[in-house]
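Note sheet for the following structure.
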Amino acid sequence: SQQGEEDPQALSIQEGENATMNCSYKTSINNLQWYRQNSGRGLVHLILIRSNEREKHSGRLRVTLDTSKKSSSLLITASRAADTASYFCATVHTNAGKSTFGDGTTLTVKP
Amino acid sequence: NAGVTQTPKFQVLKTGQSMTLQCAQDMNHNSMYWYRQDPGMGLRLIYYSASEGTTDKGEVPNGYNVSRLNKREFSLRLESAAPSQTSVYFCASSELDGLNIQYFGAGTRLSVL
């Protein structure tokens with residue numbers, strides 16, 4: 001079964017609002033990553049947070065990680081229409097050398 | 001700077017036909033991966049190659065074979081295509097550094113009739 005589970009499955013907001021999506025996982029991880037996928041394209045890496053970190057920022061992105069709850073959240077602030085895409089979390093298992101992807105959150109930002 | 005290149009971009013097969021999906025990366029990465037993505041779903045790992053000369057099964061390997069031809073190239077073969085293999089296939093590569101940040105190709109859209 002999938003290690004990462006995102007919610008919500010779909011999110012629709014107005015331009016300028018913040019978007020929050022969540023990811024839960026089941027077993028110990030080395031790190032957790034978020035990827036973005038525009039329609040009809042491959043995934044693009046956005047940000048990585050290691051298991052010993054609690055929060056990470058990159059531009060308008062903020063990622064948190066709670067290893068006790070086995071969950072992570074991705075916050076996109078001041079969203080733009082160009083942020084419309086699907087967002088996936090990926091968990092890297094300790095020593096496994098591979099990632100497991102969740103089913104994704106589809107974000108629509110209305111202009 | 002090409003990154004990860006997949007060919008073909010689109011393919012239509014009849015049930016029972018065979019084909020090979022090609023993937024090449026120019027980032028000198030050790031690890032390469034093949035995934036499939038079905039509508040509204042995430043990626044499922046078919047096979048991966050942690051380093052040149054090794055391949056391992058992922059979550060959904062049945063019906064597929066792979067070849068790590070050299071450090072740059074990793075191909076995926078469907079010996080006898082089935083309608084259940086209709087999907088979008090993505091190849092990815094990463095450094096063998098424990099972080100596993102993956103770089104993806106643009107995908108191959110495969111329909112099996």
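The structure presented is a predicted model; accordingly, all values stated were derived computationally and were not measured.
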Going by distance alone, is a donor N or O of one side chain under 3.5 Å from an acceptor N or O of the other, for [X] and [Y]?
{"X": "B/Arg77", "Y": "B/Thr20", "answer": "yes"}
{"X": "B/Ser51", "Y": "B/Asn30", "answer": "no"}
{"X": "B/Arg68", "Y": "B/Thr54", "answer": "no"}
{"X": "B/Asp38", "Y": "B/Ser87", "answer": "yes"}

Taking every heavy-atom pair that is under 4.5 Å apart, which of A/Gln33, A/Gln9, A/Arg41 has the most such pairs with chain B? A/Gln33
Using 30° and 60° as the class boundaries, would you call the ring planes of B/Tyr35 and B/Phe104 parallel, tilted or perpendicular?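 Because their plane-to-plane angle lies in the 30° to 60° range, the rings of B/Tyr35 and B/Phe104 count as tilted.
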Mark yes when over 12 heavy atoms from residues, nucleotides or ligands other than A/Arg60 sit less than 6.0 Å from its CZ; otherwise mark no. yes
Heavy-atom distance under 4.5 Å to chain A: side chain of [X], backbone, both or neither?
{"X": "B/Gln37", "result": "side chain"}
{"X": "B/Ala50", "result": "neither"}
{"X": "B/Leu45", "result": "side chain"}
{"X": "B/Leu99", "result": "both"}

Using a 4.5 angstrom heavy-atom cutoff, name the option from B/Gln102, B/Gln6, B/Arg109 with the most pairs to chain A.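 If we count pairs closer than 4.5 Å to chain A, B/Gln102 comes out on top.
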Is A/Leu48 in contact with chain B via its backbone, its side chain, both, or neither, using a 4.5 Å heavy-atom distance?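 The side chain, not the backbone.
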